[in-house]
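Notes to accompany the following structure.
Here is the naming used below: chain letters follow the sequence lines, and residue numbers restart at 1 for every chain. The analysis underlying the following values was restricted to heavy atoms, covering all of them including side chains, and did not include hydrogens, waters or symmetry mates. Source: prediction; values computed, not measured.
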There are 2 protein chains.
Amino acid sequence: MEKTFEKLKNELKNKNIRLSHQRLKVLEYMSTHKTHPTVDMIYNDLQKEVPTLSKTTIYNTLDTLKNAGLVKVVTIEDNEVRYDSRTHEHGHFKCVSCEEIFDFDIKFDSFATKGLDNFKINNKDVYFKGICPDCSTKQ
Amino acid sequence: MEKTFEKLKNELKNKNIRLSHQRLKVLEYMSTHKTHPTVDMIYNDLQKEVPTLSKTTIYNTLDTLKNAGLVKVVTIEDNEVRYDSRTHEHGHFKCVSCEEIFDFDIKFDSFATKGLDNFKINNKDVYFKGICPDCSTKQ
DNA sequence: TTTCTAAGTTGTAATCATTACAAGTTAATT
DNA sequence: AATTAACTTGTAATGATTACAACTTAGAAA
């Protein structure tokens, strides 16, 4: 069940976050591009529509959206930060060949963990790396 | 079953990686400090023993050790990279209050995943965030 | 042991992502 | 339409990581 741009817009309104032109553009971009983009990808794409857009604004906006729970940060590699607007629980798989990031379903409750009694868990991330089917057959 | 420094040293030898003084110092540090240190922490601590040590060497060495499978990179936050010499399968929990990273046992096979048929998985990372028991009681 | 050399180390400089900041602009309330 | 706190922008500062060239060394060979 994906959230539409309109729904996301309402969520911002409800949280008293101003609906600036730039913010809405970034939000719309995130809701239509499920590619786990980097700041640079967002910047390069959106600049075509909004030439005055600043990269600082994208950083600020993503931070705002992150705090509002509308986007998630994906740190699957140590040298790039990606953003994800799918906020339901799922895992991330990065193909080390084509660099694409795939979402996959995962039941966090199914984890058999030991040694976390009395730990308050607020956030769970599951990152896999390997080769995607397309890249496997190409080799 | 933790690997001793001697065992790690042999693993380097077997992989034809030269046993330079600096490399052995970093390796020894990693095998005795299970704190998931950053490059800076390693640098600051080791400089006391090896004053001429360069930060570049630490980056190079950690990269070598990573490729040799003797250390793992932990990217639980988007603004710091940590290193781990425990290479058996386990998860990482970061306390957002005291910033400490805890290891926990987890059976990767217990994951119920959907949508990863035909994906070759080479690497799995599980990152949790929250509050550790000590910080919970202090509040 | 001594010699030799490919590989490793070092310090400096370059790069790249992110953040700080001050001046100008705007959403949205009155 | 006026007001103002919040937002945006461009530039500059910061901080982590990488590139590179000169120097040093581990370890093989003689």
### Task
Take the protein atom CG of B:Asn16 and the nucleotide atom C1' of C:dA7, then report the distance between them rounded to whole Å.
12 Å

### Query
So, A:Lys13 and A:Glu11, do they make that salt bridge, N to O below 4.0 Å?
no

### Integer-rounded Å distance: D:dC7 P and A:Leu62 CG
15 Å

### Task
Take B:Val39 and B:Leu19, find for each the nucleotide of DNA chain D with the closest heavy atom, and name the residue whose nucleotide sits nearer the 5' end.
B:Val39

### Summary
Side-chain contact check for A:Tyr59: nearest option of D:dT17, C:dA27, C:dT19 is C:dT19

## Note on the structure
Picking from D:dA19, C:dT18, D:dT9, the nucleotide nearest the side-chain atoms of A:Thr56 would be D:dT9

### Task
Using a strict cut-off of less than 4.0 Å between a Lys/Arg side-chain nitrogen and an Asp/Glu carboxylate oxygen, indicate whether B:Glu100 and B:Lys94 qualify as a salt bridge.
no

### Spacing between A:His21 atom NE2 and D:dA6 atom C1', to the nearest angstrom
17 Å

### Query
With respect to the phosphate group of D:dT9, does any side-chain polar atom (N or O) of A:Thr52 fall under 4.0 Å of OP1 or OP2?
yes

### Query
Is there a donor on the side chain of B:Arg23 or the base of C:dA7 sitting less than 3.5 Å from an acceptor on the other?
no

### Message
Of the options D:dT9, C:dT18, D:dC7, whose atoms approach the side-chain atoms of A:Leu53 most closely?
### Response
D:dT9

### Task
Mind calculating the distance between NZ (A:Lys13) and P (C:dA27) to the nearest angstrom?
13 Å

### Task
Return the value, rounded to whole Å, for the distance between atom CG of A:Asp78 and atom P of D:dA16.
14 Å

### Query
Counting side-chain heavy atoms from CB outward, which of C:dG8, D:dT8, D:dT17 is closest to B:Val81?
D:dT17

### Query
To the nearest Å, how far apart are A:Asn44 CG and C:dA17 C1'?
14 Å

### Query
Just how far, in rounded Å, is P of D:dA6 from CG of A:Asn67?
16 Å

### Query
Does a side chain donor of either B:Asp105 or B:His90 reach within less than 3.5 Å of an acceptor in the other side chain?
no

### Message
So that I can tick it off, tell me whether A:Glu89 and A:Lys72 are bridged by a salt bridge, with the cut-off set at under 4.0 angstrom between side-chain N and carboxylate O.
### Response
no

### Message
One thing to verify: whether B:Asp40 and B:Lys55 come together as a salt bridge, which I'm taking to mean a side-chain N less than 4.0 angstrom from a carboxylate O.
### Response
yes

### Query
Looking at B:Ser20, does any N or O in its side chain come under 4.0 Å of the phosphate oxygens OP1/OP2 on C:dA7?
no

### Message
I want to confirm an ordering. Mapping B:Arg18 and B:Glu80 to their closest nucleotides on DNA chain D, which one lands closer to the 5' end?
### Response
B:Glu80

### Query
Taking OP1 and OP2 of C:dT26, is either one under 4.0 Å from a side-chain nitrogen or oxygen of A:Gln22?
no

### Whole-Å distance separating the CD1 atom of A:Ile17 from the C1' atom of C:dT26
17 Å

### Query
Picking from D:dT17, C:dA27, D:dT9, which would you name as closest to the side chain of A:Asn60?
D:dT9

